[in-house]
Trainee: 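First the structure, then my questions, so here it is.
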Amino acid sequence: MMQNGQPWLDTTGQPIHAHGGCILKYQDWYYWYGEDRRADYYVSCYRSQDLMHWEFRNHILTTTSPFKAERFQATAGLVNSDGTKVNIERPKVLYNPKTERFVLWAHFENGRDYREAAVLVASAATPDGDFTEHGHFRPFGNMSRDCTVFVDADQAYFISAARGNADIHIYQLSSDYLNVTRLVNRLWSNEFREAPVLFKHDGLYYMLTSGTSGWRPNQGKYAVASAIAGSWSDLQDFGDATTFDSQPAFVLKNGNQVIYVGDRWGGAKHYQDSSYVFLPLEITSQQVILKHKARWFIAAHNFVFKD
Ligand code: DGJ
């Protein structure tokens with residue numbers, strides 16, 4: 001029995017460090033990627049076949065990750081000139097079947113403040129190999145903070161909080177997933193949303209977001225659209241005023257279950273105490289309801305939620 005907000009241990013008994021992350025299914029494995037702010041690490045990767053037992057695989061992005069320039073010009077470096085760490089948040093990994101590479105997009109900051117507002121791109125030949133950094137930049141010059149990715153058929157998208165977090169931007173990605181090609185939409189001007197999560201259910205697109213209150217949880221909201229380019233509905237509440245003490249990280253589709261995964265942040269001082277919240281999402285007549293279950297239990301390939 002795993003419990004929301006409690007440490008989730010890997011197969012060696014160590015707490016899983018995969019905050020603000022994502023789960024990617026590739027061949028027979030689920031790969032769980034997320035922030036790992038310990039030592040010289042940035043992003044760590046675990047894998048599982050039953051979503052219950054997670055084997056630590058690798059610190060896929062660290063202060064010593066190799067750099068390789070790509071066709072876009074970007075600032076290189078995962079350490080500041082004074083040797084301090086930068087800040088890599090909300091890493092998301094996509095598999096590109098054309099290039100057969102795993103491509104990571106994340107939010108890049110300098111580790112001192114949030115003024116860089118840039119995206120970091122990295123890639124690797126295997127899901128849990130050492131990723132090569134390709135640098136960070138602002139998509140079409142736009143500020144870009146909390147972010148997510150989404151693949152719909154052949155087309156991949158990058159979604160991020162822009163203009164000082166006032167708006168959410170949706171960008172199309174190039175066919176190699178290494179750059180943005182088009183700003184598809186700007187959403188919810190001046191509504192200040194963070195932590196975007198995009199998923200598809202019964203032919204419709206849903207986006208979850210949080211409000212902006214630093215590490216403190218706030219009211220989650222969702223919107224629905226029949227196409228990614230829009231138009232998107234107005235924002236509506238899901239969960240309670242603190243999204244059951246969590247902030248959206250990603251959504252996991254497991255058979256016909258739609259599972260919300262959020263971060264319960266420890267905050268700046270107690271970041272290492274951050275934990276995970278897994279809750280079922282119920283979607284009926286385009287209404288998204290986050291079911292509050294205090295505990296959850298995972299059996300092989302099936303999430304069973306308990307009150
Ligand atoms: C809210 C964001 O969603 C988190 O990823 C993190 O950047 C915190 N703000 C920092 O205050």
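This is a predicted model, so every value here is computed, not measured. Excluded from the calculations below are hydrogen atoms, water molecules and symmetry mates; all remaining heavy atoms, backbone and side chain alike, are included.
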Trainee: Between Leu183 and Asn142, what is the shortest heavy-atom contact and its length?
Mentor: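 For Leu183 and Asn142, the tightest heavy-atom pair comes out as CD2-ND2, 4.5 Å.
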
Trainee: Going by an N to O cut-off under 4.0 Å, is there a salt bridge joining Glu89 and Arg145?
Mentor: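 Looking at Glu89 and Arg145, the cut-off is not met.
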
Trainee: Pairs under 3.5 angstrom only: tabulate donor-acceptor contacts from the side chains of residues 231-238 to other protein residues two or more places apart or in another chain.
Mentor:
unit_1: Trp232; atom_1: NE1; unit_2: Ile228; atom_2: O; d: 2.8
unit_1: Ser233; atom_1: OG; unit_2: Val224; atom_2: N; d: 2.9
unit_1: Asp237; atom_1: OD1; unit_2: Lys221; atom_2: NZ; d: 2.9

Trainee: In chain order, what residues pass the side-chain contact (heavy atoms from CB on, under 4.5 Å) check against Ala74, with sequence neighbours excluded?
Mentor: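 With neighbours one apart ignored, the set is Phe72, Phe137.
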
Trainee: To the nearest 0.5 angstrom, please state how far the CD atom of Gln247 sits from the OG1 atom of Thr212.
Mentor: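 Reported value, rounded in 0.5 Å steps: 9.5 Å.
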
Trainee: Are Gln286 and Leu204 close enough, and set up right, to give a side-chain contact (heavy atoms from CB on, under 4.5 Å), and what steps lead you there?
Mentor: CA-CA 8 Å; Gln286 301 183 24; Leu204 293 172; 3.5 Å; yes

Trainee: If you take all heavy atoms of Ala106 and Ile88, which pair is closest and at what distance?
Mentor: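 Where Ala106 meets Ile88 most closely, the heavy atoms are CB-CG2, 3.7 Å.
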
Trainee: Indicate the ring-plane relationship of Tyr206 and Phe199, choosing parallel, tilted or perpendicular according to the 30° and 60° boundaries.
Mentor: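 Geometry flag for Phe199 against Tyr206: parallel rings.
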
Trainee: May I ask you to decide if Ala229's main-chain N or O and Asn185's side chain share a donor-acceptor pair within less than 3.5 Å?
Mentor: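 Yes; judged by distance alone, with no hydrogens or angles, the pair exists.
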
Trainee: Measure across Asn110 and Phe108 and return the closest heavy-atom pair with its distance rounded to 0.1 Å.
Mentor: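 Of all heavy-atom pairs spanning Asn110 and Phe108, the closest is N-CE2, 4.4 Å.
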
Trainee: Working to the nearest 0.5 Å, report the span between CD1 of Ile159 and SG of Cys147.
Mentor: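 SG of Cys147 is found 9.0 Å from CD1 of Ile159.
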
Trainee: Is the backbone N or O of Arg186 less than 3.5 Å from a side-chain atom of Asp167, with the two atoms forming a donor-acceptor pair by type?
Mentor: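 Between the backbone of Arg186 and the side chain of Asp167 there is no qualifying donor-acceptor contact (under 3.5 Å).
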
Trainee: Any side-chain heavy atom of Asp263 within less than 4.5 Å of one from Ser274?
Mentor: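 No - every pair of side-chain heavy atoms lies 4.5 Å or more apart.
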
Trainee: Does any non-hydrogen side-chain atom of Tyr177 lie less than 4.5 Å from one of Val151?
Mentor: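 Result yes, sub-4.5 Å side-chain heavy-atom pair found.
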
Trainee: Taking Glu35 first and then Arg37, would you say they form a salt bridge - that is, a charged N and a carboxylate O separated by under 4.0 Å?
Mentor: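 Salt bridge between Glu35 and Arg37, a charged N being under 4.0 Å from a carboxylate O: yes.
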
Trainee: Nearest 0.5 Å, please: how far is CG in Leu290 from CG in Leu279?
Mentor: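 Going from the CG atom of Leu279 to the CG atom of Leu290 covers 5.0 Å.
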
Trainee: Testing the basics here: between Lys92 and Val149, what is the closest heavy-atom pair and its distance to 0.1 Å?
Mentor: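 Looking at all heavy atoms of both residues, the closest pair is CB-CG2, 3.5 Å.
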
Trainee: Answer whether the closest heavy-atom distance between the side chains of Tyr157 and Gln155 falls below 4.5 Å.
Mentor: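 Sidechains of Gln155 and Tyr157: in contact.
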
Trainee: Can you find a heavy atom in the side chain of Tyr95 that is under 4.5 Å from one in the side chain of Glu100?
Mentor: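 Side-chain contact under 4.5 Å: yes.
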
Trainee: Parallel, tilted or perpendicular for Trp215 and Trp265, by the 30°/60° rule?
Mentor: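 Answer is perpendicular, since the angle exceeds 60°.
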
Trainee: With a 4.5 Å cut-off on side-chain heavy atoms, are Ser189 and Arg163 touching?
Mentor: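 Yes, close enough: below the 4.5 Å cut-off.
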
Trainee: Are there more than 12 heavy atoms of other residues, nucleotides or ligands under 6.0 Å from atom CG of Asp154?
Mentor: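 12 or below, so no.
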
Trainee: How far apart are the C-alpha atoms of Val251 and Val258, what are their side-chain angles, what is the distance that settles it, and do they pass the side-chain contact (heavy atoms from CB on, under 4.5 Å) test?
Mentor: CA-CA 7 Å; Val251 158; Val258 186; 3.6 Å; yes

Trainee: Report yes or no: is the cationic atom of Lys85 (NZ for Lys, CZ for Arg) under 6.0 Å from the centre of the six-membered ring of Tyr42, at an angle within 45° of the ring normal?
Mentor: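 Satisfied, under 6.0 Å and within 45°.
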
Trainee: Run the side-chain hydrogen bond (donor to acceptor under 3.5 Å, both in side chains) check on Tyr260 and Ser246 step by step: do they pass?
Mentor: CA-CA 10 Å; Tyr260 164 92; Ser246 75; 2.7 Å; yes

Trainee: Within a 6.0 Å radius of atom CZ on Arg38, are there more than 12 heavy atoms belonging to other residues, nucleotides or ligands?
Mentor: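 Check passes, neighbour count above 12.
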
Trainee: Do any N or O atoms from the side chain of Gln219 and from the backbone of Ser210 form a donor-acceptor pair under 3.5 angstrom?
Mentor: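 Looks like no, no N/O pair under 3.5 Å.
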
Trainee: So, the side chain of Trp32 versus the backbone of Gly21: is there a donor-acceptor pair under 3.5 Å, distance only?
Mentor: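 No, because the side chain of Trp32 does not come within donor-acceptor range (under 3.5 Å) of the backbone of Gly21.
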
Trainee: Going by the rule side-chain contact (heavy atoms from CB on, under 4.5 Å), which residues pair with Ser174 if we only count those two or more places apart in sequence or in a different chain?
Mentor: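 Partners of Ser174 by the side-chain contact (heavy atoms from CB on, under 4.5 Å) criterion, ordered by chain and then number, come out as Arg71, Asp176, Asn179, Thr181.
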
Trainee: List the atom pairs, with distances to 0.1 Å, where a side-chain N or O of residues 115-126 and a protein N or O form a donor-acceptor pair under 3.5 Å, not counting sequence neighbours.
Mentor:
unit_1: Ser123; atom_1: OG; unit_2: Arg101; atom_2: NE; d: 3.1
unit_1: Ser123; atom_1: OG; unit_2: Arg101; atom_2: NH2; d: 3.2
unit_1: Ser123; atom_1: OG; unit_2: His134; atom_2: NE2; d: 2.7
unit_1: Thr126; atom_1: OG1; unit_2: Gly129; atom_2: N; d: 3.2

Trainee: Looking at every heavy atom in both Asn218 and Gly211, which two are closest together, and how far apart are they?
Mentor: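 So the two residues come closest at OD1-N, 2.7 Å.
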
Trainee: Are any non-hydrogen side-chain atoms of Asp36 and Val43 less than 4.5 angstrom apart?
Mentor: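 Sidechains of Val43 and Asp36: no contact.
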
Trainee: Under the rule for ring pair (Phe, Tyr, Trp, His ring centres under 6.0 Å), what residues qualify as partners of His19, not counting sequence neighbours?
Mentor: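 With sequence neighbours excluded, His19 shows a ring pair (Phe, Tyr, Trp, His ring centres under 6.0 Å) to Tyr271, Tyr276, given in chain and number order.
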
Trainee: Leu281 and Leu208: side-chain contact (heavy atoms from CB on, under 4.5 Å), yes or no, with the steps?
Mentor: CA-CA 11 Å; Leu281 276 178; Leu208 311 180; 4.3 Å; yes

Trainee: May I ask you to check whether over 12 heavy atoms, not counting those of Lys269, lie within 6.0 Å of atom NZ?
Mentor: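 No, because the 6.0 Å sphere around NZ of Lys269 holds 12 heavy atoms or fewer from other groups.
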
Trainee: Look at the side chain of Asn96 and the backbone N and O of Ser175, then say whether any donor-acceptor pair between them is shorter than 3.5 Å.
Mentor: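 Yes, Asn96 side chain to Ser175 backbone: donor-acceptor pair under 3.5 Å.
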
Trainee: Taking the six-membered ring of Trp29, is NZ or CZ of Arg47 closer than 6.0 Å to its centre and within 45° of its axis?
Mentor: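 Output yes; distance and angle both within limits.
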
Trainee: Please determine whether residues Leu61 and Tyr26 belong to a single hydrophobic cluster, defined as Ile, Leu, Val, Met, Phe, Trp and Tyr linked transitively by side-chain heavy-atom distances below 4.5 Å.
Mentor: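 Hydrophobic grouping puts Leu61 with Tyr26.
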
Trainee: Do Arg57 side-chain atoms and Asp128 backbone N/O form a donor-acceptor pair below 3.5 Å?
Mentor: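 Such a contact is absent between Arg57 side chain and Asp128 backbone.
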
Trainee: Not counting sequence neighbours, which residues clear salt bridge (Lys or Arg N to Asp or Glu O under 4.0 Å) with Lys253? List them please.
Mentor: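 Applying salt bridge (Lys or Arg N to Asp or Glu O under 4.0 Å) to Lys253 gives none.
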
Trainee: Any chance you could measure Asn87, atom CG, to Tyr114, atom OH, to the nearest 0.5 Å?
Mentor: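 Here the rounded value is 4.5 Å.
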
Trainee: More than 12 foreign heavy atoms under 6.0 Å from NZ of Lys291: is that the case here?
Mentor: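 For Lys291, atom NZ is not crowded (no more than 12 foreign heavy atoms under 6.0 Å).
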
Trainee: If you measure from OH on Tyr222 to CD on Gln287, what distance do you get to the nearest 0.5 Å?
Mentor: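 It is 5.0 Å, given to the nearest 0.5 Å.
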
Trainee: Given side-chain contact (heavy atoms from CB on, under 4.5 Å), test Ile60 with Asp130 step by step and report yes or no.
Mentor: CA-CA 5 Å; Ile60 62 160; Asp130 294 336; over 6 Å; no

Trainee: Give a yes or no on whether the backbone of Phe244 and the side-chain of Arg264 come within a donor-acceptor separation of less than 3.5 Å.
Mentor: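 Yes.
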
Trainee: Considering only heavy atoms from C-beta outward, does the side chain of Val103 approach that of Leu173 to under 4.5 Å?
Mentor: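 Counting from C-beta outward, Val103 and Leu173 never come under 4.5 Å.
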
Trainee: For Pro7, is there any backbone N or O sitting under 3.5 Å from a side-chain donor or acceptor partner on Ser275?
Mentor: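 No, Ser275 side chain to Pro7 backbone: no donor-acceptor pair under 3.5 Å.
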
Trainee: Starting at OG of Ser144, measure out to OH of Tyr171 and round the result to the nearest 0.5 Å.
Mentor: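 Taking OG in Ser144 and OH in Tyr171, the distance rounds to 6.0 Å.
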
Trainee: Can any side-chain N or O of Tyr46 pair as donor or acceptor with the backbone N or O of His17 at less than 3.5 Å?
Mentor: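 Between the backbone of His17 and the side chain of Tyr46 there is a qualifying donor-acceptor contact (under 3.5 Å).
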
Trainee: Does the side chain of Phe250 come within less than 4.5 Å of Thr148's, by heavy atoms?
Mentor: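 Counting from C-beta outward, Thr148 and Phe250 never come under 4.5 Å.
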
Trainee: Measure across Pro217 and Thr242 and return the closest heavy-atom pair with its distance rounded to 0.1 Å.
Mentor: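 Answer, listing the atom of Pro217 first, then Thr242: CB-O, 3.5 Å.
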
Trainee: Apply the side-chain contact (heavy atoms from CB on, under 4.5 Å) test between Tyr31 and each candidate in Pro127, Cys22, Ser48; give the one that qualifies.
Mentor: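 For Tyr31, the side-chain contact (heavy atoms from CB on, under 4.5 Å) check succeeds only for Pro127.
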
Trainee: Would the distance check show the side chain of Asn80 and the main-chain N or O of Asp82 forming a donor-acceptor pair, the cut-off being under 3.5 Å?
Mentor: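 Answer holds: no.
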
